[in-house]
Protein chains: 2
Amino acid sequence: MKFEAVTIKDIAKALGLSTSTVSRALRDSYEISEETKQLVLKYAKEFNYRPNPSALGLKEKRTRSIGIVISEIANSFFSQAINGIESVANQRGYNVIITQTLESYEREVANMQFLSSRSVDGCLISVSTETNDFDHISDLYQKGFPVVCFDRVIDSLDTHKVIFDNFMGAYNATTHLIKSGYKNIAILSSIEYLSISKERLNGFKKALSDNDIPLHEDYLKHCAHGGMLYQEVEKAMDELMKLKVKPDAVFTSGDKLTTNFMRYCKTKKIAIPEKIAVIGFSNLDITELMSPSLSVVKQPAFEMGRVATDLLLNMIESKRTVTEFEHIVLPPEIIVRDSSARKK
Amino acid sequence: MKFEAVTIKDIAKALGLSTSTVSRALRDSYEISEETKQLVLKYAKEFNYRPNPSALGLKEKRTRSIGIVISEIANSFFSQAINGIESVANQRGYNVIITQTLESYEREVANMQFLSSRSVDGCLISVSTETNDFDHISDLYQKGFPVVCFDRVIDSLDTHKVIFDNFMGAYNATTHLIKSGYKNIAILSSIEYLSISKERLNGFKKALSDNDIPLHEDYLKHCAHGGMLYQEVEKAMDELMKLKVKPDAVFTSGDKLTTNFMRYCKTKKIAIPEKIAVIGFSNLDITELMSPSLSVVKQPAFEMGRVATDLLLNMIESKRTVTEFEHIVLPPEIIVRDSSARKK
DNA sequence: CTTTAAAACGGGAACGATTGCGTAAATAAA
DNA sequence: TTTATTTACGCAATCGTTCCCGTTTTAAAG
């Protein structure tokens, strides 16, 4: 099928002008008479002229679009973040290309390659759980490809970063469990080397030590795929439930870990919070409707997307090389509901 | 910031060849000697050459990308559909630009304008609830801009369409409620003129009449924003609960209607299914964890995305004008859980 | 030893938009 | 009236790639 849109050439031909005159008229140049401008503008509006993005991209060496690299769209945190990203990007005249890694390192490399090879002017990334080597990102960044990290950041990369206060979120959530009377608190965590995992784990540990509760290594479970697979959560929970002293509460340090924990308890008919209490990270907007209603640590995903995009666009549009980097930390929000009700 | 990637010119200069030779070598033309090809290929791989999408787009009058127009990403049905769309698109060498309307007609028009003005080769659309006039779509389509409808289709548009068997889904769900002993069944529906609303409403009505249950107009509630706003669901439910004969079951004909119905019952402390049973459309993967576990009509969103994208790409790549259009209907899936348990 | 033809490559236009530079006409200044 | 200046436009190069035509070299055919 062919779909031919009107070009500057078409306008020029129709009006008996040169393309340069038309171009200048459209950009409201002082060199063009008011009369001609009106003529061109009227014609352009009538035939719905839009500049060809490919031509513009070729000429100006920029595409006015940015890329996003995230693990998956069908994750409430990320879809909310995307909304924040789009709101800023669209407002500033950029469009957005979203790519998913599904937590795969290989796909992350491929996506970065694709985005950097001139399809976008820069990108936002929240690295995949599988990613342990950041060369594919830092190499591009070193060469001048603008990258801003959010959520799951890369410590070694010297760029703008927008993160959630994972430490505080985990600390507050764990403290809440302790204050509610729970003592044997386990943690379901994502893979060790992930920045957010470390921070959340540290928050968890600090809350325990601040309350003079010893840390049992048995209570510390890592899930390599961040809870994406039910099986890994099942295995971790099975191990926890086989311990002599079972945990009486769990802090689930990721969205998928939280929901799969709930699924586990439902399947195994383990009463929450009677047998085991829980508070966990989640950005789902229906956690209040779960059984029981879920206590959560909620991340300001939309805001995160907004802030990160603003920083990225500033970086892209900056004339000189950026040398001072923002490191923005957004505050935690904790919502207490039935799943972590006071221990009887 | 500047980020310069290697071009054909660079390769030509480095290797002492002309751009045409390099171009041909990269495309494995018979006109180029095996020797030269290897030389070029090796260099290209080493310096990670990628063709400039803007230049290609300009030359070939195609961008190898497609657009999506949906109401919102943060809706499980659409995010799952996007996964299906991306899987096919990426496999066939296209990339995807997602735009959201947030159910606004104005934004839908703007998004279509943007996408059609040469940023993409075609688009997939599920129209917004607010959209009652389809000229902005059919005009472009008439001019040769490939469009494929999915989910919420446009009857008057003669193109490929991929829909869910809304009638059967609603019919089966309603029948299930009837067989479970419920007689006074209300429906929460989206705006009237939306194709999927009509079909679902018709399925609902047919199920009633097939079981000799009269239809009460009072039991028929429309929400203009498709349940996006809690207030509209609250208003509809308040009206239902004020009736002399309150409904003993509800069929919620949309994702947001379903969750906001649950929210209403939770807020008003209305027991499900004792006071009122419910089955509704939802693609959330945690409906089993809700309180009570939710009976749902689930749409094959991923599959829908896949199929629609295949059709769109065929249309785009077709040499001749397409005149025969597929009209694919995907089967319903009903998952019965506690929220519609047999009436006692 | 010519003629022909294949093989291997280069030149240059084109795609749509921008922009520095050149220039004709109109006006103002001398 | 001549010169200088402004106004209003056109020409042509450029971005990276492809592709239609040459052109040269080599080899085969006559």
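Since this is a predicted model, take the numbers as computed values, not measurements. Computed from heavy atoms alone, side chains included, the values below leave out hydrogens, waters and symmetry copies. Residue numbers start from 1 in every chain, and the chains themselves are labelled A, B, ... in the order their sequence lines are given, proteins ahead of strands.
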The answer to which of A/E31 and B/R24 contacts DNA chain C further toward the 5' end, by nearest nucleotide, is B/R24
Heavy-atom nearest nucleotide on DNA chain C taken for A/S54 and for B/I32; more 5' hit belongs to B/I32
In whole angstrom, what separates [X]'s [atom1] from [N]'s [atom2]?
X: B/L39; N: C/dA8; atom1: CG; atom2: P; result: 15 Å
X: A/I11; N: C/dG16; atom1: CD1; atom2: P; result: 12 Å
X: A/I8; N: D/dC11; atom1: CD1; atom2: P; result: 15 Å
X: A/Y49; N: C/dA17; atom1: OH; atom2: C1'; result: 6 Å
X: A/K9; N: D/dA12; atom1: NZ; atom2: C1'; result: 13 Å
X: A/L17; N: C/dA17; atom1: CG; atom2: P; result: 15 Å
X: B/E60; N: D/dC19; atom1: CD; atom2: C1'; result: 11 Å
X: A/D28; N: D/dA8; atom1: CG; atom2: C1'; result: 15 Å

*asked:* Between B/R107 and B/E72 (salt bridge meaning N to carboxylate O under 4.0 Å), is one present in this structure?
replied: no
Below 4.0 Å: OP1/OP2 of D/dC9 and any side-chain N or O of A/T21 | no
Phosphate OP1/OP2 of D/dT14: any A/K61 side-chain N/O under 4.0 Å | no
Using the side-chain heavy atoms of [X], tell me which of these nucleotides is nearest: [options].
X: A/R27; options: C/dT19, C/dC15, D/dC19; answer: C/dT19
X: A/S23; options: C/dT18, D/dC15, D/dT17; answer: C/dT18
X: A/T7; options: C/dG16, D/dG16, D/dT18; answer: C/dG16
X: A/L56; options: D/dA12, C/dG16, C/dA17; answer: C/dA17
X: A/T36; options: D/dT18, D/dG10, D/dC9; answer: D/dC9

Which atom pairs, donor and acceptor, lie under 3.5 Å between side-chain atoms of residues 75-83 of chain A and protein residues at least two apart or in another chain?
{"residue": "A/N75", "atom": "OD1", "partner": "A/F77", "partner atom": "N", "Å": "2.9"}
{"residue": "A/S76", "atom": "OG", "partner": "A/L284", "partner atom": "N", "Å": "3.3"}
{"residue": "A/S79", "atom": "OG", "partner": "A/N75", "partner atom": "O", "Å": "3.3"}
{"residue": "A/S79", "atom": "OG", "partner": "A/S76", "partner atom": "O", "Å": "3.3"}
{"residue": "A/Q80", "atom": "OE1", "partner": "A/N283", "partner atom": "ND2", "Å": "2.8"}
{"residue": "A/Q80", "atom": "NE2", "partner": "A/N283", "partner atom": "O", "Å": "2.9"}
{"residue": "A/N83", "atom": "OD1", "partner": "B/Q100", "partner atom": "NE2", "Å": "2.6"}

- Select base, sugar-phosphate, or nothing to describe what B/R62 touches, counting heavy atoms under 4.0 Å on all strands. nothing
So A/K59, base contact, sugar-phosphate only, or nothing? Heavy-atom distance under 4.0 Å. base
Examine distances only and state if a side-chain atom of [X] and a backbone atom of [Y] form a donor-acceptor pair shorter than 3.5 Å.
X: B/T309; Y: B/A89; value: no
X: A/T19; Y: A/I8; value: no
X: A/K161; Y: A/F325; value: no
X: A/D10; Y: A/T7; value: yes

Is a donor-acceptor contact shorter than 3.5 angstrom present between the side chain of B/S33 and the base of C/dC9? no
Fill in: Any B/I328 side-chain heavy atom under 4.5 Å of B/F150 side chain
no
On a heavy-atom basis, the closest approach of B/I32 and B/K37 is O-CE, 3.4 Å
Rounded to 10°, the angle between the first-five-pair and last-five-pair axes of the helix from C/dC1-D/dG30 to C/dA30-D/dT1 is 60°
